[in-house]
Chemist: 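What follows is a single structure, and I will ask about it in a moment.
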Amino acid sequence: MITKILCLLATLCCLTLNTPEAHAASCQTMQPQPPDAPNNRPPRRFNPEQFRRDLTEHITKAAGFTPAEARTFFPLFFEMREKQRNLEHQKGRALRRAAEHNMNEYDCQRVLAEVAELQKKSLRIEQQYCTRLRKIVGACKLVKAINAERAFGRKAFKKMTK
C-alpha cells in the first residue's frame, strides 16, 4: 500500500516534469523487493538483556526448576558466566597483543602460558560454582541446565548466522 502511494506521488511529480523517462524510472525504483532480498532483512542487533531472559526461560523449562530454585540458581549462574567471560576477554587481549606486535618466541611462550593459566582459572571458577549450584538444584537438574545452556547457545548461533 505504501509502495503504491509512493509510486503515485512519484508519478505526480514526474507528470509535472512531462518526461516519460522520469516517470518510468521513479516507478521502477518503487517496486517492492522480494522478502528474501538481503536489503529487506531487519537489522539484527544483539540484545543482551533479551538473550539473558530467553536463556533463563529456556534453562528453567528444560531443567524443570521451581520458581524458588530459579531465583537462587540464576544469580549465581550469571555471576559465574560473567567471571568466565572476563577471563575470555583477557585471553583474547593477550593473544591479539602477541599477534599484533610480532613478538619473539620467548614472549609468545609467555603469552601461551598466560592463556593456559587463564583457562585453568576459568575451570576452577566453574568447579567452585558448580558445587554451589548443585547444592541449590541437585546434580540431575544441574546437568539438565548445563545441557540446556549449550543447546540454547547453538540454537542462538544458528539463528544469528542465517
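In this text the structure is predicted, and so the values were computed from the model without any measurement. Position 1 is the first residue of the sequence; numbering continues from there.
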Chemist: Grab the two heavy atoms, one from Met80 and one from Glu126, that are nearest each other, plus how far apart they are.
Modeler: SD-CA, 3.9 Å
Chemist: Under 4.5 Å between side-chain heavy atoms, counting indirect links through other Ile/Leu/Val/Met/Phe/Trp/Tyr residues: same cluster for Met103 and Val115 or not?
Modeler: yes
Chemist: Compute the ring centroids of Phe78 and Tyr129, then answer whether they are less than 6.0 Å apart.
Modeler: no
Chemist: Salt bridge or not between Lys120 and Glu117? Use side-chain N to carboxylate O under 4.0 Å.
Modeler: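 A salt bridge is present here (some side-chain N lies under 4.0 Å from a carboxylate O).
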Chemist: For Gly64, does its backbone N or O pair with a side-chain atom of Lys141 as donor and acceptor, under 3.5 Å?
Modeler: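 Yes: the side chain of Lys141 pairs with the backbone of Gly64.
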Chemist: Any idea which heavy atoms bring Leu142 and Cys130 closest together, and the distance?
Modeler: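 Shortest heavy-atom separation between Leu142 and Cys130 comes out as CD2-O, 3.6 Å.
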Chemist: Is there a chain of hydrophobic side chains (I, L, V, M, F, W, Y, each step under 4.5 Å between heavy atoms) that links Phe74 to Ile146?
Modeler: yes
Chemist: Thinking salt bridges, do Glu88 and Arg85 make one under a 4.0 Å N-O criterion?
Modeler: no
Chemist: Counting only heavy atoms not in Glu105 (residues, nucleotides, ligands), do more than 12 fall under 6.0 Å from its CD?
Modeler: no
Chemist: Write down the atom of Ala63, the atom of Ala145, and the distance for their closest heavy-atom approach.
Modeler: CB-N, 3.9 Å
Chemist: Linking I/L/V/M/F/W/Y whenever any side-chain heavy atoms sit under 4.5 Å apart, do Phe51 and Phe73 land together?
Modeler: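 Yes, same cluster.
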Chemist: Would you check, one step at a time, whether the test side-chain hydrogen bond (donor to acceptor under 3.5 Å, both in side chains) holds for Gln90 with Arg93?
Modeler: CA-CA 5 Å; Gln90 289 177 25; Arg93 280 192 296 271; 5.7 Å; no
Chemist: Count the heavy atoms belonging to other residues, nucleotides or ligands that lie under 6.0 Å from CD of Glu79, then report whether that count exceeds 12.
Modeler: yes
Chemist: Which heavy-atom pair separates Ile125 from Gln84 by the least distance, and what is that distance?
Modeler: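 So the two residues come closest at CG2-CG, 4.3 Å.
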Chemist: Between the main-chain N or O of Arg52 and the side-chain N or O of Thr56, is there a donor-acceptor pair closer than 3.5 Å?
Modeler: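 Judged by distance alone, yes, a pair lies under 3.5 Å.
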Chemist: Donor-acceptor check, side chain of His58 to backbone of Asp54, threshold 3.5 angstrom: yes or no?
Modeler: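 No; judged by distance alone, with no hydrogens or angles, the pair does not exist.
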